[in-house]
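Notes follow once the structure below has been shown.
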2 protein chains.
Amino acid sequence: MHAYTASRISLSPHSAQPSLPAAFGSETQQPISFFPAGSEIYAQGERAGALYQVEFGAVRIYRLLADGRRQISAFHLAGETFGFEADATHHFFAEAINATGVRTFRLAAGADMSHQLLPLALKGLTRAQEHLLVLGRQNAIERVAAFLVDLGERQGGLRQVELPMSRMDIGDYLGLTIETVSRVFTRLKDKGVIRLLNLRSIEIVKQDVLQAMGE
Amino acid sequence: MHAYTASRISLSPHSAQPSLPAAFGSETQQPISFFPAGSEIYAQGERAGALYQVEFGAVRIYRLLADGRRQISAFHLAGETFGFEADATHHFFAEAINATGVRTFRLAAGADMSHQLLPLALKGLTRAQEHLLVLGRQNAIERVAAFLVDLGERQGGLRQVELPMSRMDIGDYLGLTIETVSRVFTRLKDKGVIRLLNLRSIEIVKQDVLQAMGE
DNA sequence: CTAGCCACTTGATGTGGATCAACAATCCGC
DNA sequence: GCGGATTGTTGATCCACATCAAGTGGCTAG
């Protein structure tokens, strides 16, 4: 893990999401590490033992098959926490999607953080299980609709939704190709459900229709 | 939840899997509930607040879409624990696949079980994320191979693997139809990778080949 | 043993999304 | 602002798996 560690810069932490419980005493307050777009935060197989909270930017968590097929299991936006593992090893890769600031909480060997971690782990488990339904049983348009609704909610429920990630990332998250993602965006636009403001931001015009599509 | 509660019957609990840490004092030792094949253990929307450990039999955890499409997110075999949720509500259905014995641990309101629960939650999270890769990026034969390898490992790594569930259950777990599951079994048989001993048990003939297919 | 049912298998055909192939738009360095 | 690289869109074709449709075999009741 190579980070451009910016020591104790104070950046506005707009934590819209439930943030890491402040049980880390002030003495364990950590500096923010900066990761440029595309840089690795940790790799599969590396030794785990820290938690990461996104301060700004966005992170993708993924696995690879031997032939290069990639499955992104989660995106993490500002305020969200990631990095916990079942054992001492990372089973996934984590990369900054854009220029991203990450606060690292190194887990003290003896400390028992289970009380703080359990809600986060359970939240992640529920999320992953809901994503299983999407990948296992929904078609392309339903997948994209569910994705946009989820992203919109995590950004505060406003009409305008920012897409910090590329079409390829979206495809690898939804189990689709970039061409299909692109075509579905066009279809949703033609139906008047969304508007494409630019490549990386959309406006949800018919929230109810989109919601219904994603079930 | 309607169970045929067998009070304090002592059944051989062949827990091959990491069992629920014995932190439940002996005074909280629970009787075993019996669920006939197909019966509901809990339903989506019900109030949660207990943990369940399979003593014998098998359980499926699933969600439904409005039109009846079903995604099974997990199977639980003897020794495995399920039932924890991120909030006080069940987000999934749990059903006994076969005649199944379940030990129920009701979580005391005040008690802090996070230390015991965290490893289980993290295990489940890793499992779910690995399943995402299967559903998002693997084809039919890879999915079935990965499923058989996983099931084999959970049954102690023997050559013979029991399938407690129907083709429909397997299909709804792997995001395939029963016809495709059946055809893949036939293809694996024709390739000499497995043998179909009967409908509900197979023998893995070429473990290495199967393993490689499931990546 | 026999009848009937249900789960599974096998075959024929259809189709949603992948793949292959241009082309267009956006970004970036100079 | 210009040129090239990168990312996204659109079109044509293909194919893996779904769907539709018969069978087949194994269990259960009588």
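Each chain gets a letter, A, B and so on, in the order its sequence line appears, and its residues count up from 1. Every value quoted in this text rests on a predicted model; they were computed, and no experiment measured them.
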Exercise for the section: Give the rounded distance in Å between these two atoms: CD1 of B:I178 and C1' of D:dA21. Expected result: 13 Å
Practice task
Note down the inter-axis angle between the two ends of the helix from C:dC1-D:dG30 to C:dC30-D:dG1, five pairs each, to the nearest 10°.
Solution key: 50°
Exercise for the section: Report the distance from atom CG of A:L176 to atom P of D:dG8, rounded to the nearest whole Å. Expected result: 15 Å
Completion exercise
Comparing A:R137 with A:M165, nearest DNA chain D nucleotide closer to 5' gives the residue A:M165
Practice task
Find the distance A:I202:CD1 to D:dG8:P and express it as a whole number of Å.
Solution key: 15 Å
Handout entry: Sidechain N-carboxylate O distance under 4.0 Å for B:E203, B:K189
Key = no
Practice task
Report yes if a side-chain nitrogen or oxygen of B:T177 is closer than 4.0 Å to either non-bridging phosphate oxygen (OP1 or OP2) of D:dA18; otherwise report no.
Solution key: yes
Handout entry: Sole candidate of B:R47, B:E85, B:E46 that passes side chain to side chain donor-acceptor pair (under 3.5 Å) when paired with B:H90
Key = B:E85
Completion exercise
In numerical order, the residues of residues 179-200 of chain A whose heavy atoms come under 4.0 Å of DNA chain D are A:E179, A:S182, A:R183, A:T186, A:L199, A:R200
Exercise for the section: Heavy atoms only: give me the nearest A:L118-B:A121 pair and the separation to one decimal. Expected result: CD1-CB, 4.0 Å
Handout entry: A:R69 CZ - C:dA18 P separation (whole Å)
Key = 13 Å
Handout entry: Spacing between A:L163 atom CG and D:dT7 atom P, to the nearest angstrom
Key = 16 Å
Handout entry: Distance in angstrom units between B:R143 CZ and D:dA18 C1', rounded
Key = 12 Å
Handout entry: Distance in Å, B:N98 CG paired with B:T100 OG1, rounded so as to fall on 0.5 Å steps
Key = 5.5 Å
Problem - Rounded distance in Å - CD (B:Q138) to P (D:dC17) - result: 11 Å
Handout entry: SB check A:D172 A:R167 (cutoff 4.0 Å)
Key = no
Exercise for the section: Without swapping roles, check the side chain of A:E130 against the backbone of A:R127 for a donor-acceptor pair under 3.5 Å. Expected result: no
Handout entry: Check: B:E162/B:Q160 side-chain N/O donor and acceptor closer than 3.5 Å
Key = yes
Exercise for the section: Remember a base hit wins even if backbone is also touched, and classify B:G175 as base, sugar-phosphate or nothing at under 4.0 Å, heavy atoms. Expected result: sugar-phosphate
Practice task
Without swapping roles, check the side chain of B:D169 against the backbone of B:R60 for a donor-acceptor pair under 3.5 Å.
Solution key: no
Practice task
Rounded off to whole Å, could you give me the CD1-to-C1' distance for the B:I97 and C:dA7 pair?
Solution key: 15 Å
Practice task
Return the nearest nucleotide to the side chain of B:N139; candidates are C:dT19, D:dC17, C:dT9.
Solution key: D:dC17
Handout entry: A:R63 and B:E215 ion-paired at < 4.0 Å
Key = no
